[in-house]
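Following: one structure in structure tokens, then a few remarks.
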Amino acid sequence: MRSLFIFFMLLICSLFQSQSKQFLYEYRFIPDSTEKKQVMTEIMILDIDQKRSLFFGQEMYRSDSTLLSDSKKGIFSMPPDKQMISEQVIKYPNSAQMDYVKLVSYQKYVVSQEVKLPWKLISEFKTILDHKVQKAKVSFGGRAWTAWFAKDIPFQDGPYKFSGLPGLILELEDDTKSHHYILKGIRDHPKEFIYPALNNYKISKISYQQFIKLYKNYRINPVANLIGKIPDYQDENGNTVSGQQKVREIEQIKLEQIKKDNNIIEIDLLKK
């Protein structure tokens, strides 16, 4: 027993020779349940250090890093015109408390949330990236999930809001096969990892119950905060466009996007 304890202590020390450890997951998801052949893919990063873990999208990180670098040079640049996952999850060691960072209608919210997952361990095993992994099941966010975790990677963490198993989650999928994470690589980060702060959004700290209400209202009326804020202007042809008309145009675009975004990871948020 003592030798096993020493082994894990040595492993933890070796993992923290760098400032942080980064785990790269391929995330495959189906945004629209009526178009199941339309599968989106993005690389997500789980950065773990001694103070916290941070889960974020690689594409948004690259975009934010470029924007911050340009701004320091006095260059005003725009993010790429493509879909990117902007949400983040910040977890803390030995705590069920986490912060969920989410953009809703041009405003950034830091949502304080407690997540305790009642995992059920199952005596089934397989191998992922040369790591022996064990099966576990849990219900969360209105979905049933299957996870595969590695005891030899001693972080009780994983993708998105999932944590609490006796080892890192290397694979995770819901029973409808709409959301799937699979570990693709591990790398050291030699310095303290700091996500680029653009300070381009107003940030509000709210509870999870407040977020539920706000998010549901947004899906019903996605332009509520734009009413009266867009002035009349002239288009490229010299025609006058009223601010009210522009808001209606944005509303139609947003409602169409929301209609197709009907298969979100926490599907119970869409319940009445």
Side-chain angles (χ1 to χ4, degrees), residues 1-29 42-58 87-100 113-141 143-175 177-190 192-193 265-266:
M1 191 70 179
R2 178 177 171 79
S3 61
L4 183 62
F5 173 77
I6 293 173
F7 167 77
F8 278 112
M9 289 303 295
L10 289 172
L11 180 58
I12 291 171
C13 289
S14 67
L15 287 172
F16 281 117
Q17 284 179 352
S18 59
Q19 285 291 328
S20 66
K21 204 83 173 175
Q22 292 191 337
F23 301 89
L24 282 67
Y25 294 86
E26 179 187 76
Y27 175 35
R28 295 174 61 84
F29 60 102
E42 185 162 343
I43 296 298
M44 304 297 294
I45 299 173
L46 177 64
D47 182 274
I48 301 178
D49 63 24
Q50 293 173 318
K51 298 178 182 178
R52 59 93 188 104
S53 71
L54 174 62
F55 186 69
F56 58 94
Q58 179 174 263
E87 61 190 14
Q88 301 177 4
V89 179
I90 306 168
K91 308 190 197 89
Y92 304 96
N94 305 313
S95 175
Q97 201 68 32
M98 61 184 67
D99 289 327
Y100 175 52
Q113 182 180 6
E114 186 178 64
V115 178
K116 294 181 179 179
L117 299 175
W119 290 103
K120 179 182 178 182
L121 273 58
I122 299 170
S123 294
E124 291 184 31
F125 303 87
K126 65 178 182 178
T127 301
I128 300 175
L129 294 182
D130 295 326
H131 294 277
K132 181 181 179 181
V133 293
Q134 183 177 349
K135 190 175 185 179
K137 285 184 172 290
V138 75
S139 293
F140 173 72
R143 297 181 184 275
W145 296 87
T146 297
W148 295 88
F149 66 96
K151 289 184 178 180
D152 65 333
I153 305 180
F155 295 113
Q156 295 186 11
D157 212 330
Y160 194 57
K161 299 178 182 179
F162 293 85
S163 62
L165 284 167
L168 186 75
I169 297 170
L170 303 196
E171 185 175 6
L172 181 71
E173 186 174 37
D174 78 300
D175 62 349
K177 300 187 182 301
S178 296
H179 298 269
H180 178 247
Y181 298 93
I182 180 72
L183 187 71
K184 290 295 183 179
I186 303 172
R187 67 190 181 195
D188 292 325
H189 197 276
E192 180 183 7
F193 178 79
I265 191 166
E266 294 185 54

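Numbers for residues simply follow the sequence, beginning at 1.
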If we only count heavy atoms from C-beta on, is the [X] to [Y] side-chain gap below 4.5 Å?
{"X": "Val133", "Y": "Phe149", "value": "no"}
{"X": "Ile45", "Y": "Arg187", "value": "yes"}
{"X": "Gln113", "Y": "Asp99", "value": "no"}
{"X": "Ile265", "Y": "Phe29", "value": "no"}

**Shortest non-hydrogen contact between Phe55 and Pro159, atoms and distance** = CE1-CA, 3.7 Å
**Prompt:** Do you know the tightest heavy-atom contact between Leu46 and Gly158?
**Reply:**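 The pair with the smallest heavy-atom distance is CD2-O, 3.7 Å.
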**Message:** Could you check whether any side-chain N or O of Asp174 sits under 3.5 Å from a backbone N or O of His179, counting only pairs where one atom can act as donor and the other as acceptor?
**Reply:**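 Here the side-chain-to-backbone pair exists.
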Quick check for you: to the nearest 0.5 Å, what is the distance between [X] atom [atom1] and [Y] atom [atom2]?
{"X": "Ile182", "Y": "Arg28", "atom1": "CD1", "atom2": "CZ", "value": "11.5 Å"}
{"X": "His131", "Y": "Asp152", "atom1": "NE2", "atom2": "CG", "value": "5.5 Å"}
{"X": "Gln22", "Y": "Ile186", "atom1": "CD", "atom2": "CD1", "value": "11.5 Å"}
{"X": "Glu192", "Y": "Gln50", "atom1": "CD", "atom2": "CD", "value": "10.5 Å"}
{"X": "Ile169", "Y": "Tyr25", "atom1": "CD1", "atom2": "OH", "value": "7.0 Å"}
{"X": "Lys151", "Y": "Ile153", "atom1": "NZ", "atom2": "CD1", "value": "14.0 Å"}

**Message:** Run Phe23 and Leu170 through side chain to side chain contact (heavy atoms under 4.5 Å, CB included) and show every step you take.
**Reply:** CA-CA 9 Å; Phe23 301 89; Leu170 303 196; 5.8 Å; no
**For Phe193, all residues meeting ring pair (Phe, Tyr, Trp, His ring centres under 6.0 Å), sequence neighbours excluded** =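 With neighbours one apart ignored, the set is Phe56, Tyr61, His189.
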**Asked** Which residues satisfy the ring pair (Phe, Tyr, Trp, His ring centres under 6.0 Å) test with Phe162, sequence neighbours excluded?
**Response** Phe140, Trp145
**Message:** Tell me whether Asp49 is salt-bridged to Arg52, with the criterion being a basic N under 4.0 Å from an acidic carboxylate O.
**Reply:** yes
Using distance only, find each side-chain donor-acceptor pair of residues 118-130 under 3.5 Å and give its atom names and separation, not counting sequence neighbours.
{"from": "Trp119", "atom 1": "NE1", "to": "Ser163", "atom 2": "O", "distance (Å)": "2.8"}
{"from": "Glu124", "atom 1": "OE1", "to": "Lys135", "atom 2": "NZ", "distance (Å)": "3.4"}
{"from": "Lys126", "atom 1": "NZ", "to": "Glu171", "atom 2": "OE1", "distance (Å)": "2.8"}

**Message:** The test is side chain to side chain contact (heavy atoms under 4.5 Å, CB included); show your working for Val115 and Met98 and say whether it passes.
**Reply:** CA-CA 7 Å; Val115 178; Met98 61 184 67; 3.7 Å; yes
**Message:** Checking Glu266 against Tyr160 for the side-chain hydrogen bond (donor to acceptor under 3.5 Å, both in side chains) test, could you report, in this order, the C-alpha distance in whole Å, the side-chain angles of both residues, the deciding distance, and whether it holds?
**Reply:** CA-CA 11 Å; Glu266 294 185 54; Tyr160 194 57; 2.6 Å; yes
